[in-house]
Amino acid sequence: MLRNDPDVVVIGAGCAGIAAARALIAAGRSCVVLEAGLRVGGRAYTSDVLGAPFDHGATWLHQARENPLTPEIGEHIDHDTVRERHLFLGDRFATEEELDEYGRACDAFEEAIVQAPAEPDRAVSEVTPKGGRWNTSIAHWLGSQINAAELSMISLQDYVGVDLEGPNLLPRAGVGSIVARLAEGLPIRLGHAVTHLRWDGPGVVVEGDWGTLRAGTAIVTVSTGVLAAGGIRFTPELPAQTRTAIYGLPMGLLTKYGFRAAGEDRFGMAPFHSVRRLLGPGAETPMSWIFWPFGEDHLFGFVGGARAWALAREGAAATEAAARADFAAMFSARGAAALGQCVVTDWGTNPLFLGSYTHASPGHRASRALLAAPLAGGRLRFAGEACHSRFAGTVAGAWLSGEAVARDLAG
Ligand SMILES: Cc1cc2nc3c(=O)[nH]c(=O)nc-3n(C[C@H](O)[C@H](O)[C@H](O)COP(=O)(O)OP(=O)(O)OC[C@H]3O[C@@H](n4cnc5c(N)ncnc54)[C@H](O)[C@@H]3O)c2cc1C
């Protein structure tokens with residue numbers, strides 16, 4: 001290594017890359033973080049495009065008691081304490097009794113998943129209750145809305161092994177701004193896309209349009225979507241086991257959208273109320289909505305899974321039109337007219353992400369640990385949400401995974 005070559009090059013300045021860099025520096029190791037984009041945070045990104053903090057990606061701090069970002073949260077609410085969750089049944093909102101019935105059906109649905117024998121691994125949809133008034137809606141909710149993919153695509157073992165429990169905290173400043181603050185002062189080079197990584201020498205060499213950098217070790221934190229698409233060429237090629245792990249952890253898609261909105265009666269919704277629609281005629285793949293975060297004049301929502309991919313391929317205008325139609329189905333044309341400026345996220349088509357977060361395909365639960373395993377005696381490491389078995393798909397998983405690799409290297 002040249003005198004100025006860092007001990008470690010970190011590829012990607014999302015949660016995993018930022019956590020790794022912080023831990024390396026705290027341990028006295030030199031590092032450089034190369035980020036292809038023009039901002040830090042990756043899938044944790046807050047803007048004020050709607051006139052108040054709006055998270056384009058990560059929105060809640062899940063599992064808050066163990067979430068490494070909880071101590072940084074500042075003003076927030078615990079969303080689990082907001083009891084008002086409205087369910088739209090095609091032409092009206094559910095009654096209290098119906099909501100209780102739905103809640104009991106949700107409990108039974110999740111119990112069936114947890115109680116199902118873990119072996120052999122198979123799709124979650126193979127063990128879930130079917131039929132009845134609620135089950136297809138619950139499957140839609142837990143699949144494409146929460147896990148960004150249909151339950152037929154998700155490994156049962158992975159689903160059960162990943163913890164997405166509460167408390168679920170919503171920070172007023174936005175998750176992305178917390179992460180960006182934690183990146184301040186780090187040696188991050190924006191606009192430095194890595195296109196080639198050589199790991200056949202005593203150290204590693206990374207290359208891009210900006211030039212070449214040598215380091216002792218590389219920590220690669222780009223999404224499995226980017227890896228599977230060949231966004232970085234590796235020399236030598238990655239081992240078959242690592243490639244299998246990458247393909248076994250595909251990216252689901254959750255597209256988030258937000259609307260500036262007003263309306264004298266606030267649609268009868270208080271801050272943080274949420275609405276989802278029951279599946280039924282005209283609502284095969286409904287969306288979900290959250291009203292007036294922190295009393296602001298906007299609302300946001302999500303469309304996930306196959307429908308999100310289809311809409312993303314058509315472009316942002318298609319998602320916006322679909323969201324307006326979903327809203328109008330519940331609040332009529334008057335409600336739809338109250339929706340103003342719209343923002344639609346592009347996680348599925350943005351080449352720096354190519355999806356929202358990972359799930360393991362049936363039979364691929366072990367892929368998370370395989371991807372996290374050191375290569376070339378520790379010279380090449382992967383980190384990120386995909387590599388964390390317990391908090392996969394979340395900022396907590398990404399952060400802890402980056403930190404763990406850095407501690408390994410520094411140890
Ligand atoms: C809509 C949505 C909602 C979500 N909701 C939540 C939530 O409520 N709670 C939660 O905990 N999590 C949520 N998540 C998931 C969470 O955002 C991610 O799990 C986490 O941010 C991933 O961090 P990471 O460091 O693993 O990857 P990333 O954030 O993807 O970081 C990787 C970085 O690598 C960069 N990069 C890509 N290619 C290259 C290259 N060739 N060279 C250099 N750099 C490159 C990217 O630009 C990116 O900055 C959500 C995600 C989305 C999209």
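Numbering of ligands and ligand atoms starts at 1, following listing order. If you read the sequence from its start, that first residue is 1, and numbering goes on from there.
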Are S155 and R365 close enough, and set up right, to give a side-chain contact (heavy atoms from CB on, under 4.5 Å), and what steps lead you there?
CA-CA 7 Å; S155 144; R365 164 71 173 157; 4.1 Å; yes
Salt bridge (Lys or Arg N to Asp or Glu O under 4.0 Å) between R307 and E284, worked out:
CA-CA 10 Å; R307 188 172 186 212; E284 278 74 31; over 6 Å; no
So L380 and L238, side-chain contact (heavy atoms from CB on, under 4.5 Å) or not? Walk me through it.
CA-CA 10 Å; L380 177 58; L238 292 173; 3.9 Å; yes
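Using a non-hydrogen distance threshold of 4.0 Å, S223 does not register as a contact of ligand 1. In this structure, R39 falls outside the shell of residues with a heavy atom less than 4.0 angstrom from ligand 1. Taking a 4.0 Å cut-off on heavy atoms, L34 registers as neighbouring ligand 1.
The atoms of ligand 1 that sit less than 4.0 Å from any heavy atom of I232 are 41 (N). Of all the atoms in ligand 1, the ones that sit under 4.0 Å from a non-hydrogen atom of I11 are 42 (N), 43 (C). If you number the atoms of ligand 1 from 1 as listed, the ones under 4.0 Å from a heavy atom of C15 come out as 25 (O). Below 4.0 Å from some heavy atom of G14 lie the following atoms of ligand 1, by number and element: 25 (O), 29 (O), 31 (O), 33 (C), 49 (O). Atoms of ligand 1 lying under 4.0 Å from at least one heavy atom of H192, given by number and element, are 43 (C). Close approach to H56 involves these atoms of ligand 1, each under 4.0 Å from a residue heavy atom: 1 (C). Short contacts between ligand 1 and L352, defined as distances under 4.0 Å to a heavy atom of the residue, involve ligand atoms 37 (C), 46 (C), 47 (O). Near L254, the atoms of ligand 1 lying under 4.0 angstrom from a non-hydrogen atom of the residue are 1 (C).
The shortest N or O to N or O distance between T59 and ligand 1 is below 3.5 Å. The shortest N or O to N or O distance between V226 and ligand 1 is not below 3.5 Å.
Which of R43, R233, Q63 comes nearest to atom 18 (C) of ligand 1 through a heavy atom is settled by distance: it is R43. The option with the heavy atom closest to atom 43 (C) of ligand 1, from among G225, A36, G17, is A36.
The side-chain heavy atoms of V49 and H56, taken from C-beta on, include a pair separated by under 4.5 Å.
For R43 and Y357, the positive end is not near the middle of the six-membered ring at less than 6.0 Å and at most 45° from its axis.
Considering F331, F272, F300, Y257 as possible partners of W289, the one that fulfils the ring pair (Phe, Tyr, Trp, His ring centres under 6.0 Å) test is Y257.
Looking at E35, its side chain never comes within 3.5 Å of a backbone N or O of L190 through a donor-acceptor pair. Here the side chain of T319 pairs no donor or acceptor atom with the backbone of A317 at under 3.5 angstrom.
Of all protein heavy atoms, the one lying nearest to atom 15 (C) of ligand 1 is G393 O, 3.1 Å. In terms of protein heavy atoms, atom 23 (O) of ligand 1 is closest to A398 CB, 3.4 Å. Taking atom 39 (C) of ligand 1 as the reference point, the nearest protein heavy-atom neighbour is V222 CG1, 3.4 Å. Scanning the protein heavy atoms around atom 47 (O) of ligand 1, the nearest turns out to be E35 OE2, 2.6 Å. Of all protein heavy atoms, the one closest to atom 51 (C) of ligand 1 is Y357 CD2, 3.6 Å.
Of the N and O atoms on the side chains of Y102 and R276, at least one donor lies less than 3.5 Å from an acceptor on the other residue. W399 and N67 share no donor-acceptor pair across their side chains, judged by distance under 3.5 Å alone.
Looking at F353 against ligand 1, only its side chain comes within 4.0 Å, counting heavy atoms. Proximity of W60 to ligand 1, defined as any heavy-atom pair under 4.0 Å, is shared by backbone and side chain alike.
With salt bridges taken as basic N to acidic carboxylate O contacts below 4.0 Å, none links R104 and E111. By the 4.0 Å N-to-carboxylate-O rule, K256 lies too far from D55 to be salt-bridged with it.
Taking every heavy atom of both residues into account, A316 and V344 meet most closely at O-CG2, 3.8 Å.
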